Peer 1: 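Here it is, the structure in full.
Remember, predicted model here, so these are calculated numbers, not experimental data.
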Amino acid sequence: LQKLALYLSFEQFINTSLSIAPRFYYQSIQNADNLMIQFIGNYQLNIENYVKLQFGGGVRYKDAAQLLIGAEFSNWKVGISYDVNTSPLE
């Protein structure tokens with residue numbers, strides 16, 4: 001079983017409390033490929049306690065659109081996403 005996974009993400013601050021973070025993820029397992037592109041907005045609620053809200057969307061190439069929402073608290077991340085199928089497969 002041959003597997004390849006590539007992940008790239010960076011965070012660009014717009015001001016002290018707002019940033020955007022594009023994310024790119026590619027995975028290949030044998031003959032199956034998966035490419036996801038996401039754009040996440042981050043809003044820093046509390047700088048001292050590191051509380052951050054996250055929101056955004058993305059696409060899984062030729063397969064689905066995604067809505068994302070989450071939060072970060074110190075070293076913890078929680079979130080939920082919803083995929084909307086855009087491919088002809090059911």
Side-chain angles (χ1 to χ4, degrees):
L1 180 67
Q2 186 177 7
K3 180 178 178 178
L4 171 68
L6 302 171
Y7 179 77
L8 173 66
S9 178
F10 67 92
E11 189 172 11
Q12 177 65 47
F13 285 89
I14 296 169
N15 57 39
T16 56
S17 59
L18 191 62
S19 66
I20 56 171
R23 297 177 183 170
F24 304 92
Y25 178 78
Y26 173 78
Q27 181 175 341
S28 177
I29 300 175
Q30 292 180 341
N31 293 331
D33 295 324
N34 183 20
L35 173 65
M36 279 194 308
I37 300 170
Q38 300 174 334
F39 290 92
I40 308 299
N42 298 295
Y43 181 73
Q44 190 87 29
L45 286 177
N46 186 318
I47 294 174
E48 294 82 25
N49 295 328
Y50 195 76
V51 178
K52 187 188 317 185
L53 294 180
Q54 298 179 319
F55 48 89
V59 292
R60 195 168 44 243
Y61 183 65
K62 292 186 179 180
D63 189 39
Q66 306 165 330
L67 297 174
L68 310 135
I69 188 166
E72 284 187 36
F73 311 96
S74 299
N75 294 327
W76 291 85
K77 285 186 180 183
V78 296
I80 190 167
S81 66
Y82 182 75
D83 287 11
V84 177
N85 193 353
T86 59
S87 71
L89 297 175
E90 293 185 21

Peer 1: May I ask you to decide if D63's main-chain N or O and T86's side chain share a donor-acceptor pair within less than 3.5 Å?
Peer 2: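 Indeed, once roles are kept as given, a pair shorter than 3.5 Å links the two residues.
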Peer 1: Using the rule that Ile, Leu, Val, Met, Phe, Trp and Tyr join whenever any side-chain heavy atoms are under 4.5 Å apart, tell me whether L4 and M36 fall into a single cluster.
Peer 2: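 Unlinked, L4 and M36 end up in two clusters.
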Peer 1: Provide the closest heavy-atom pair for T16 versus Q44 in the form atom of the first, atom of the second, distance.
Peer 2: O-CB, 4.3 Å
Peer 1: Which pair of non-hydrogen atoms, one from F39 and one from P22, has the smallest distance, and what is that distance?
Peer 2: CE2-CB, 3.6 Å
Peer 1: Counting only heavy atoms not in I80 (residues, nucleotides, ligands), do more than 12 fall under 6.0 Å from its CD1?
Peer 2: no
Peer 1: Tell me, please, which residues at least two apart from Q27 pass side chain to side chain donor-acceptor pair (under 3.5 Å).
Peer 2: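 By the side chain to side chain donor-acceptor pair (under 3.5 Å) rule, Q27 matches Y25.
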Peer 1: Return the NZ to OG distance between K52 and S17, rounded to the nearest 0.5 Å.
Peer 2: 11.5 Å
Peer 1: Test of understanding: with salt bridge (charged side-chain N to carboxylate O under 4.0 Å, His left out), list the residues that count as partners of R23, not counting sequence neighbours.
Peer 2: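 Listed in chain order: nothing, the list is empty.
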Peer 1: Which pair of non-hydrogen atoms, one from S81 and one from L68, has the smallest distance, and what is that distance?
Peer 2: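 Nearest heavy atoms, S81 then L68: CB-CD2, 3.4 Å.
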Peer 1: I want to check something: taking the side chain as every heavy atom from C-beta on, are F24 and L6 in contact at a cut-off of under 4.5 Å?
Peer 2: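 A side-chain contact is absent here, since even the closest heavy-atom pair is not under 4.5 Å.
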Peer 1: Apart from V78 itself, which Ile, Leu, Val, Met, Phe, Trp or Tyr residues share its cluster (side-chain heavy atoms under 4.5 Å, direct or through members)?
Peer 2: I14, L18, I20, Y43, L45, V51, L53, F55, F73
Peer 1: Hey, does N34 have a side-chain heavy atom less than 4.5 Å from the side chain of R60?
Peer 2: yes
Peer 1: Taking the hydrophobic residues Ile, Leu, Val, Met, Phe, Trp and Tyr, and joining any pair whose side-chain heavy atoms are under 4.5 Å apart, which ones share a cluster with Y50?
Peer 2: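 Via sub-4.5 Å side-chain contacts, Y50 links to none.
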Peer 1: Among all residues two or more places apart in sequence or in another chain, which pass the side chain to side chain donor-acceptor pair (under 3.5 Å) test with Q38?
Peer 2: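 If we apply the side chain to side chain donor-acceptor pair (under 3.5 Å) test to Q38, skipping adjacent residues, the hits are Q66.
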Peer 1: How would you list all residue pairs meeting salt bridge (charged side-chain N to carboxylate O under 4.0 Å, His left out) that involve residues 30-43, not counting sequence neighbours?
Peer 2: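 Listed once each, the pairs would be none.
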